[in-house]
Amino acid sequence: MRKFSLLLIAVFLINIALINADYKFQAFLAYGTVFFVILLSQSKLFSKNPIFRITVISATTFLVLRYWFFRTFDTLGYTTLVESIPMYALYLAETYAILIFLLGAFVYIHPLERKIKQVDTSRQDLPVVDIFIPTYNEDPNIVKITCIACKKIEYPAEKLNIYILDDGGTLQKRNDKNPQKAREAWERHETFKKIAQELKINYITREKNVHAKAGNINHALFLTKDGYENNTDYDGLWFSYSEHKPQPGDLILILDCDHVPTKDILKKTVAYFLEDEKLFLVQTPHFFVNPSPLEKNLKISKEIPWENEMFYRGIQKGLDFWNAAFFCGSAAVLRRKYLMEVGGIAGETITEDAETALTLHSKGYNSVYFDKPMIAGLSPETFDDFLLQRSRWAQGMVQIFLLKNPILIKGLSLAQRLCYLNSIVFWFFGFARNIFLVAPFFYIAFGMSIYNASIQQIFIYTIPYLWAAGVFANYMYGHIRRPFFSEIFETVQSLYLILPIIGVFLNPRFPQFKVTPKGGTLTESFLNRYSAGYFIMLALLLIAIPIGLIKFISIPNERAYLTVGFAWLFFSIFLIVSSIGALYEARQLRRWHRIKAYDEAEVKFKDLNIVIKGKIDDLSLSGIKFISNFKFEKIKLNQLCYLKIKAPDGKIFEFEALVKRFNIENDKLEVGFLFSERNSFDQIVEYVYSYSDRWEKFLQEREKSETIFTNFFFLFSRGLKGFLVACEYVFKKGNRYY
């Protein structure tokens with residue numbers, strides 16, 4: 001019935017969009033629909049009532065289809081080959097954007113809000129859970145923190161097996177012909193064995209590094225399938241220091257080595273498996289304690305939701321409604337028997353996670369997306385690392401498109417096919433984005449007829465389409481993705497994703513899995529070398545300005561069209577300027593990132609009979625920031641203090657700390673404390689990372705929409721400031737890039 005209703009709506013919208021009427025009626029129809037969308041979008045019922053939501057989606061879709069039919073049947077033609085190429089390139093870019101809109105509207109038509117289901121950990125029938133922590137070349141200290149947090153998970157110890165899966169200490173690497181590499185691999189191998197022994201967990205390595213992360217997980221998956229006592233293949237590969245003999249887990253929790261879990265991750269995910277025997281996956285969000293390089297460099301991370309929140313707090317919930325939420329490589333629980341049924345984690349593409357989910361969905365199994373942050377991870381620190389990560393995702397999704405096309409694969413529902421197609425097609429944005437950026441240059445500089453429409457048609461078709469699409473995006477996603485941020489975010493990647501994608505089309509099996517570096521620091525700020533391409537593009541667009549002004553003065557009949565062209569040109573310049581600003585890499589000296597906190601605390605100063613009450617404002621593994629309204633002027637640097645902190649679940653933590661900085665102003669005391677080395681590091685990890693409520697509150701605090709104009713000027717000011725700093729760097733240091 002749902003499919004039939006959607007089909008009727010689609011047919012109805014297409015028929016209305018094809019209405020042939022005079023300009024007055026078309027203007028009334030267009031702007032009436034725009035104001036209707038605005039009116040409904042601002043209603044308090046919009047986000048809660050599915051009928052309101054579908055009505056807004058349908059009305060906006062009508063304007064989008066109406067515009068596309070106009071572009072297709074009224075604006076295209078052939079003059080010369082030179083003019084036709086940019087004309088049709090622009091048309092194809094717009095068609096791509098409209099396809100993305102339609103697929104996105106379908107996916108996000110009714111985001112599924114699941115109720116929290118918490119399992120009783122005293123139940124006798126709880127499944128055994130294996131925690132796999134794959135690692136390759138990451139700092140062992142990062143891996144150790146994740147392992148410590150795993151030990152704090154609230155689940156029966158005899159039913160929990162924790163495994164470090166070390167691909168950096170394999171026999172192949174320990175026997176490398178290069179003595180230094182072999183020595184480093186041996187040191188890594190011994191270091192992780194010591195960590196496993198200290199924490200009483202398991203350490204697994206393998207003979208050869210084959211099939212990257214997927215191969216690492218699959219090796220452990222098959223090695224542990226019979227348990228430790230019944231396994232004859234573990235000698236030299238599996239070192240178990242566990243207090244109980246590991247039995248094969250019914251469920252597998254996969255964590256990237258920098259994804260530190262909260263203590264309730266299993267209590268809030270295992271329950272779904274107990275209810276649905278056909279469930280193969282419960283995916284939770286990837287929450288990061290540090291912003292992406294783009295947000296950090298533009299200095300916008302404190303004001304707006306971070307870029308990954310669009311996917312994890314929006315799109316995945318939409319996919320979940322269609323039973324199409326997919327595996328994201330970490331922070332997910334999977335059922336072992338279904339993984340074994342398909343030969344383990346898929347490895348034909350370099351996005352093994354989405355490929356695995358696609359395979360299991362096609363087998364008729366179900367997935368769940370649980371929208372509560374259950375881990376805290378690390379984003380890449382530099383744009384180079386960020387681009388490496390996004391190139392892998394883009395190449396992998398294109399590989400899926402070519403090798404395991406969801407439109408053709410058997411077993412998927414129509415909705416699942418469209419959901420996977422949406423996730424794949426998105427990664428072609430670089431082609432369309434670059435066409436949109438340079439298109440006004442061809443019109444203004446060379447007078448090419450790339451957009452054959454009259455001013456009247458632009459006001460009747462183009463402006464209502466753009467207006468409605470902007471309003472729609474802001475009210476659908478505005479609380480998790482501010483207006484114009486997607487444009488900047490895509491622009492800064494667009495030049496450099498094209499070649500990797502073309503490479504996949506030339507050879508779909510060529511891409512190789514590359515690990516994204518995490519946990520690094522930057523000792524000084526610098527201008528990333530990738531900015532060079534955007535400086536060239538900016539120079540090209542700036543050339544068009546004096547040419548356009550001359551035409552504006554000398555050709556009165558072209559002024560209206562030139563005005564539209566200039567508006568488009570300046571928007572492209574805004575995106576490029578902001579992209580350059582985002583590529584000025586801000587230094588990052590902190591080893592441990594600060595995390596927002598909200599906990600009540602007391603501070604007792606040694607040798608002083610006084611206790612100050614206040615709140616924790618932020619924290620990290622090295623220390624905390626304490627705020628109090630009590631004016632205390634006897635405080636000194638390096639003074640020893642005792643902290644008593646009430647965690648989100650009411651548990652009391654006590655730490656010893658030193659005063660490293662303080663500020664007394666307006667009867668408000670702010671103190672930065674450094675944890676003493678006498679504290680238990682395990683206890684610090686538990687306090688900092690174990691509470692999902694802290695992550696949830698942090699995300700919810702930033703979920704607020706802004707008007708389109710407010711956000712435009714906010715992003716423009718930050719982008720321009722970053723651009724000016726980047727230009728200053730170029731003038732001072734010439735072509736010195738990093």
Side-chain angles (χ1 to χ4, degrees), residues 6-43 46 52-79 84 86-106 432 435-436 439-440 443 448-476 483 557-568 571 708-709:
L6 290 174
L7 179 62
L8 284 179
I9 291 173
V11 172
F12 176 71
L13 292 175
I14 290 171
N15 275 281
I16 294 180
L18 287 170
I19 290 176
N20 187 14
D22 60 33
Y23 283 154
K24 288 183 179 180
F25 178 80
Q26 290 287 5
F28 174 79
L29 183 64
Y31 287 97
T33 307
V34 169
F35 289 119
F36 178 69
V37 168
I38 294 173
L39 182 65
L40 285 186
S41 297
Q42 291 182 337
S43 168
F46 170 66
F52 270 64
R53 188 183 192 86
I54 292 172
T55 302
V56 170
I57 291 173
S58 300
T60 308
T61 300
F62 156 67
L63 288 174
V64 170
L65 290 175
R66 175 178 174 272
Y67 174 75
W68 184 77
F69 288 130
F70 157 71
R71 284 287 282 130
T72 303
F73 300 115
D74 294 352
T75 66
L76 300 178
Y78 180 84
T79 51
S84 296
M87 176 194 298
Y88 281 94
L90 178 60
Y91 169 72
L92 291 175
E94 288 188 271
T95 300
Y96 164 81
I98 288 169
L99 174 63
I100 287 294
F101 167 84
L102 295 174
L103 288 172
F106 173 80
I435 292 170
F436 289 138
Y443 165 63
M448 291 185 179
S449 299
I450 60 171
Y451 194 92
N452 292 321
S454 66
I455 290 298
Q456 194 174 31
Q457 288 174 320
I458 289 173
F459 274 93
I460 291 175
Y461 291 97
T462 310
I463 291 178
Y465 154 66
L466 294 175
W467 191 358
V471 170
F472 173 83
N474 193 34
Y475 284 101
M476 289 285 280
N557 293 337
E558 290 287 317
R559 287 176 181 172
Y561 297 101
L562 285 167
T563 300
V564 174
F566 272 125
W568 188 350
F571 185 67
I708 292 176
F709 294 107

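Throughout, numbering of the chain's residues begins at 1 and tracks the sequence.
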(request) Quick one: closest heavy-atom pair of Thr33 and Ala59, and the distance? (result) CG2-O, 3.6 Å
(message) Quick check: do Tyr465 and Ile98 have side-chain heavy atoms less than 4.5 Å from each other?
(response) yes
(request) Examine Phe101 together with Phe472 and report whether their ring centres are nearer than 6.0 Å. (result) yes
(request) Supply the atom-to-atom distance Ile57 CD1 to Leu40 CG, rounded to the nearest 0.5 angstrom. (result) 11.5 Å
(message) Nearest 0.5 angstrom please: Thr61 OG1 to Leu65 CG, how far?
(response) 6.5 Å
(request) For Tyr475 and Ile38, run side-chain contact (heavy atoms from CB on, under 4.5 Å): C-alpha distance rounded to whole Å, both residues' side-chain angles, the deciding distance at 0.1 Å, then the answer. (result) CA-CA 9 Å; Tyr475 284 101; Ile38 294 173; 5.7 Å; no
(request) With sequence neighbours left out, write down each residue that passes ring pair (Phe, Tyr, Trp, His ring centres under 6.0 Å) with Trp467, or none if nothing qualifies. (result) Phe35
(message) Ignoring hydrogens, what is the shortest heavy-atom contact between Asn474 and Pro483? Give both atom names and the distance.
(response) OD1-CG, 3.1 Å
(message) Working to the nearest 0.5 angstrom, can you tell me the gap between Thr563 OG1 and Ile455 CD1?
(response) 7.5 Å
(message) Using the ring pair (Phe, Tyr, Trp, His ring centres under 6.0 Å) criterion, which residues pair with Phe70? Sequence neighbours excluded.
(response) Tyr461
(request) Identify the two heavy atoms, one from Ile458 and one from Pro464, that lie closest to each other, and give their separation to 0.1 Å. (result) O-CD, 4.2 Å
(request) Could you grab the distance from atom CG of Leu90 to atom CZ of Arg71, nearest 0.5 Å is fine? (result) 5.0 Å
(message) Restricting to non-hydrogen atoms, name the atom on Met448 and the atom on Pro86 that form the minimum distance, rounded to 0.1 Å.
(response) SD-CG, 3.6 Å
(message) Quick one: does any side-chain atom of Arg66 pair with a main-chain N or O of Gln26 as donor and acceptor, under 3.5 Å?
(response) yes
(message) To the nearest 0.5 Å, what is the distance between CG on Leu63 and CG on Leu466?
(response) 10.5 Å
(request) For Gly565 and Pro440, work out which heavy atoms get closest and say how close. (result) O-CB, 3.9 Å
(request) Working to the nearest 0.5 Å, report the span between CD of Gln457 and CG of Asn452. (result) 9.5 Å
(message) Within the supplied structure, the quantity of interest is the number of heavy atoms (other residues, nucleotides, ligands) at a distance under 6.0 Å from Tyr78 OH; does it exceed 12?
(response) yes
(message) Side chains of Thr72 and Tyr91: any donor to acceptor distance under 3.5 Å?
(response) yes
(request) Please tell me if the side chains of Tyr31 and Ile460 come closer than 4.5 Å, counting only heavy atoms from C-beta onward. (result) no
(request) Look only at the side chain of Trp568 and the backbone of Phe436, and say whether a donor-acceptor pair between them is shorter than 3.5 Å. (result) yes
(request) Take the angle between the ring planes of Tyr451 and Tyr67 and call it parallel below 30°, perpendicular above 60°, tilted in between. (result) parallel
(request) Would you mind reporting whether Tyr561 and Ser449 have side-chain heavy atoms less than 4.5 Å apart? (result) no
(message) Which residue is it: Thr60, Val56, Ile54? I am looking for the one with a side-chain contact (heavy atoms from CB on, under 4.5 Å) to Ser58.
(response) Ile54
